[in-house]
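Presented below is the structure to which this report refers.
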Amino acid sequence: KELHLTFAHTVHIVYIIKPDNFWQKQRTSIGSQKYKFETSLMSVGTLCKSVDPGQLTLDFDGSLPYDHNTWIELRLAIEEFAACSNNMLDQLEGLRQEVGGTEFAEDVGGAKAAVEKHKQLHNRLSSPGL
């Protein structure tokens with residue numbers, strides 16, 4: 001269902017490994033009829049005939065190296081990077097709005113306040129940690 005919702009136009013075929021349990025078989029056969037891509041129910045042995053063994057992990061009689069712990073570590077690092085990037089984007093957007101909001105002073109006191117505000121903003125932008 002997730003493949004259909006997310007990748008319906010880019011997935012052309014889905015290989016489903018034959019389930020061992022009767023109820024799983026029923027659920028698989030009913031669910032596969034409502035998708036825009038082709039589904040093929042097959043055994044692990046037959047899968048190697050349809051898919052290059054270099055694209056299959058050892059679990060499916062292939063030769064693709066895969067370490068789940070490494071995958072988890074990489075996924076967590078990517079998610080942390082994405083969160084930090086989004087945080088930085090929010091900060092930059094706030095600074096963009098602050099810099100873009102030009103107010104003109106009507107008197108000398110207002111001009112001095114604007115120059116002081118500009119100095120503070122310059123110092124914030126110049127600091128390494130933002």
Side-chain angles (χ1 to χ4, degrees):
K1 182 177 178 182
E2 289 301 317
L3 285 173
H4 177 70
L5 294 174
T6 310
F7 303 108
H9 300 292
T10 55
V11 173
H12 301 287
I13 186 166
V14 173
Y15 297 104
I16 301 171
I17 305 302
K18 286 184 183 177
D20 299 328
N21 170 315
F22 173 77
W23 293 112
Q24 288 177 338
K25 286 181 186 178
Q26 295 304 315
R27 198 170 84 196
T28 302
S29 64
I30 292 170
S32 65
Q33 297 170 2
K34 57 186 171 189
Y35 301 124
K36 293 182 180 179
F37 47 77
E38 180 184 343
T39 58
S40 180
L41 188 64
M42 59 181 53
S43 67
V44 174
T46 312
L47 184 64
C48 287
K49 295 176 184 174
S50 300
V51 178
D52 177 22
Q55 296 180 346
L56 299 172
T57 60
L58 296 175
D59 300 352
F60 298 107
D61 297 335
S63 60
L64 181 71
Y66 174 75
D67 178 25
H68 192 64
N69 291 329
T70 302
W71 186 90
I72 293 290
E73 288 174 16
L74 289 173
R75 177 63 190 246
L76 291 173
I78 289 170
E79 288 181 12
E80 182 181 353
F81 175 77
C84 290
S85 297
N86 283 333
N87 185 22
M88 181 62 69
L89 251 162
D90 290 342
Q91 290 178 13
L92 289 172
E93 179 60 25
L95 288 172
R96 186 190 70 76
Q97 289 177 357
E98 195 172 331
V99 169
T102 306
E103 295 177 16
F104 296 105
E106 295 183 15
D107 58 7
V108 174
K112 287 182 180 179
V115 168
E116 185 59 35
K117 183 178 177 183
H118 177 77
K119 284 181 184 178
Q120 291 173 354
L121 184 58
H122 180 269
N123 289 338
R124 275 183 47 208
L125 291 172
S126 299
S127 68
L130 258 183

What is the distance from atom [atom1] of [X] to atom [atom2] of [Y], rounded to the nearest 0.5 Å?
X	Y	atom1	atom2	answer
Asp61	Thr46	CG	OG1	10.5 Å
Ser43	Lys49	OG	NZ	8.0 Å
Met42	Ile16	CE	CD1	10.0 Å
His118	Gln120	NE2	CD	11.5 Å
Leu89	Cys84	CG	SG	12.0 Å

Atom of Tyr15, atom of Val51 and distance for their closest heavy-atom approach: CE1-CG2, 3.6 Å

Can you give me the closest heavy-atom contact between Ser63 and Gly54, atom names plus distance? OG-CA, 3.5 Å

Show the numbers, then the answer: is there a side-chain contact (heavy atoms from CB on, under 4.5 Å) between Lys119 and Val115? CA-CA 6 Å; Lys119 284 181 184 178; Val115 168; 4.0 Å; yes

Hphob cluster co-occupancy, Ile78 + Ile72, side-chain heavy atoms under 4.5 angstrom: no

Under 4.5 Å between side-chain heavy atoms, hopping through other hydrophobics if needed: is there a path connecting Leu47 to Ile13? yes

Taking the six-membered ring for Trp, are His68 and Trp71 parallel (under 30°), tilted (30 to 60°) or perpendicular (over 60°)? parallel

Can you tell me if Glu80 has over 12 outside heavy atoms packed within less than 6.0 Å of its CD? no

Leu64 and Leu56, any side-chain heavy atoms less than 4.5 Å apart: no

Using a 4.5 Å cut-off on heavy atoms from C-beta on, say whether the side chain of Asp59 contacts that of Tyr66. no

Taking only residues two or more places apart in sequence or in another chain, which ones pass salt bridge (Lys or Arg N to Asp or Glu O under 4.0 Å) with Glu106? none

Can you check salt bridge (Lys or Arg N to Asp or Glu O under 4.0 Å) on Arg75 and Glu79, steps first, answer last? CA-CA 6 Å; Arg75 177 63 190 246; Glu79 288 181 12; 2.7 Å; yes

